[in-house]
Amino acid sequence: MSFDWIKLLGFIVTPLIASAVGFTYMGLSRKITARVQNRIGPGISQSFIDVVKLYSKKTAINHGLMQHMGPVFAITASITTLLFLPVIKDSIFFANFSFRGDLIFLIYIMVFGQLGMALGAGQTGNPNSAIGVSRGLSQMVGFKVPYVMALVAIMIHAKSTNLQEIIAVQDGFRNWMVFQMPLASLAGLLAYLGYMGYAPFDVPFAPAELASGPPSEFGGKYLALMMTSRSIFTFAKLVLFVDVFFGGASNFIELLIKTFLLYLFALFVGLVNPRFRTEQSIQFWWKWPTAIGALALLLVAWKG
Amino acid sequence: MNPNINDKDSRKIVDIIQSYAQKHSLWVLAYGTGCGAIEIPPTMTSRYDAERFGITGRPTPRMADVLLITGYLATKTLKRVIRSYEQMQSPKYVIGFGSCTINGGMYWDSYNTIKSLDHYLPVDVYINGCMPRPEAVISGFVKLQEMISNGTANGWEKYRDNLDLYRSQQKEVIKNWQMPDYNW
Ligand code: SF4
C-alpha cells in the first residue's frame, strides 16, 4: 500500500475544520438561545473567545493522574470518531479511515470518550461529579438501546456495515434513509436528542442542581481541552447522523446546511423543554423509541 | 532592527490575543452573601442581558474568573469565600458589590461582619450603592474589562505575593482556622 499524502493531510485538516465548525455552532446556539429569550446575546465568536481564555489560564489544578488523563481520553475519542467517518461523500480527502464495518466500530468508539471522562471526573472526589457520572452512564444505557436497534435495522436494510455503502444506497432526495426506513429513523433521531445532551436530556450536567456535574472540578486548561473535545464530537455526531439518515453530503456547503438544520432540531427541542429526572429520561427511551426501534427491526427482518 | 524586540515590557501578539480573550469572556461565580445578591438575576437575564459582554454565570469556582461578592460578609461566610477564591484558577478577579464590602455599610457596628473586604481578599473593582442597580453592576464589569486590557487587574498577583499578610489578617477574624493550606 502506497503512502497517501492526500489522506495524511486530510487527517490533519479534518479535526481542525471540525472544531472550528463545532465552536461556531456552539456560538450560534448561544445567540439563538438569547434571541428566543428576548435578549441580544453574545457574538457568534463567543465560544472561541471562551476557549482561548481558558487555554491562557496561568494555573491548573489536578487531583491525580486520572483527572489529567480524562480530558485527553475525551479528545482522543472525539478525533478517532471523526477520523472514521466519511465526512464528504466520495471524497478521498475527507474519507479518512472509513473501512468495511466502520459503523459497528463507531458504535463502540463513541462511548470511549464518555468512559474516559467518567474515570477522570471520578478521581476529583467531588460528589457532584460522582452523581453526574452515574446519571450520565445510566442515561447512556437508556438511549443506546433505540440507537443500536435503529442502526442494526439500517445495516440489515442496506446489506452493509460500511458507511460509504450506506450513503451510496441513499442517492437522490427520495431515497434518504428517513424516507426508506421511517420507523428506524424516528428511533434513531430520538436517540440523537439524547446524544446531544440538550434539555430535556441534560440530566448529567444540570447546572442548577449538580453544579454542572462531571466537569465541576475541572478548570483552566482541562476545561479548555474538554470544550475542544466537545466541539469536535458535536460535529462528528452531526456528520454521522447526516451520513446515516440524510444521505450524506457531496460538498461542504451541503454538509454545513444539513448538519446545522439537524443541530437546530436538537437546540429547539431543548429550548422549549424543562429537564427530565434520571428515571423519567430512561423510562422515556425504554418505552416509545425502543418499541419503534424493535418494530423497525421486525419489519426489516420480515421483508428481507 | 526594532530596539524593543527583547524589551520585557513590549507586548507580544500572544499577549494581545490573551488579554482580548480574558477581557471578553468573564465567567462569574456570584457568591450571594448579602441582600445585594437580589440584583444579580436581573443583571444576567433578559432585562439587562450581561451575556452580550461575554459575562456568564458559572456554577463552580474552578471554572470561574470573577468572584462577585454581593454584600456583607459574616465572619463565618468569609471562611467559605476565602476557600472559594483560592480554588479559582488565576488570572482571577474580585468584585466587591455594595457599600457593605467597602466600609461595612449599614452593618458598620455589627459584631460579626467584616468591615472592609480588601483587608482579606484583593479587590479589583468596587461597585458602590446599597444596593447597586444592574446598570451600575454592568458598569463595574466594564471597568474591570478596561483594567484587564491595560493590565492593571492584577489582584491575584498581589494576593500571591503578600499571602502572609493576607493570611494573618484573615486569621485575626477567623478564630477557628481549620482549612488546608493554599494550593495554587
Ligand atoms: S450594601 Fe446594602 S444591599 Fe448590599 S449587602 Fe449591604 S445592606 Fe445589603
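Order of the sequence lines sets the chain letters (A, B, ...), proteins ahead of strands, with each chain counted from 1.
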Can you tell me if CG on A:Leu261 sees more than 12 non-hydrogen neighbours from other groups inside 6.0 Å? yes
If you tally heavy-atom pairs under 4.5 Å between each of A:Val52, A:Ile49, A:Asn126 and chain B, the highest tally belongs to A:Ile49
Approximate separation, where rounding is to 0.5 Å, of B:Arg58 CZ and A:Leu223 CG: 7.0 Å
Given that the side chain runs from C-beta out, which part of A:Leu54 has a heavy atom under 4.5 Å from chain B: side chain, backbone, both or neither? side chain
Of all of A:Tyr55, A:Phe48, A:Phe218, which one pairs up most often with chain B through heavy atoms under 4.5 Å apart? A:Phe218
Check: B:Glu51 and A:Gln46 side chains under 4.5 Å, non-hydrogen atoms: no
The interface call for B:Ala64 against chain A, heavy-atom contacts under 4.5 Å, is backbone
Does B:Trp156 reach the side chain of A:Lys58, with side-chain heavy atoms less than 4.5 Å apart? yes
Does B:Lys143 have more than 12 heavy atoms from other residues, nucleotides or ligands lying within 6.0 Å of its NZ? no
Report which part of B:Thr45 has an atom under 4.5 Å of a heavy atom belonging to chain A: side chain, backbone, both, or neither. backbone
Are any of the side-chain heavy atoms of B:Ser90 and A:Lys57 separated by less than 4.5 Å? no
Counting neighbours of CG on B:Asn154 that are heavy atoms of other residues, nucleotides or ligands and sit closer than 6.0 Å, is the number greater than 12? yes
Do you know which of A:Pro215, A:Gly220, A:Gly41 has the most heavy-atom pairs under 4.5 Å to chain B? A:Gly41
Could you tell me whether a side-chain N or O of A:Lys53 sits under 3.5 Å from a main-chain N or O of B:Gln18, the two making a donor and an acceptor? no
Give the minimum heavy-atom separation between B:Pro91 and A:Ser56, together with the two atoms involved. CD-O, 4.5 Å
A quick test of your reading: do over 12 heavy atoms of other residues, nucleotides or ligands sit less than 6.0 Å from CG of A:Asn38? no
Sidechain-backbone polar pair: B:Asp49 side chain, A:Ile40 backbone, donor-acceptor under 3.5 Å: yes
So, for A:Asp50 and B:Ser25, which heavy atoms are closest and what is the spacing to 0.1 Å? OD1-OG, 2.6 Å
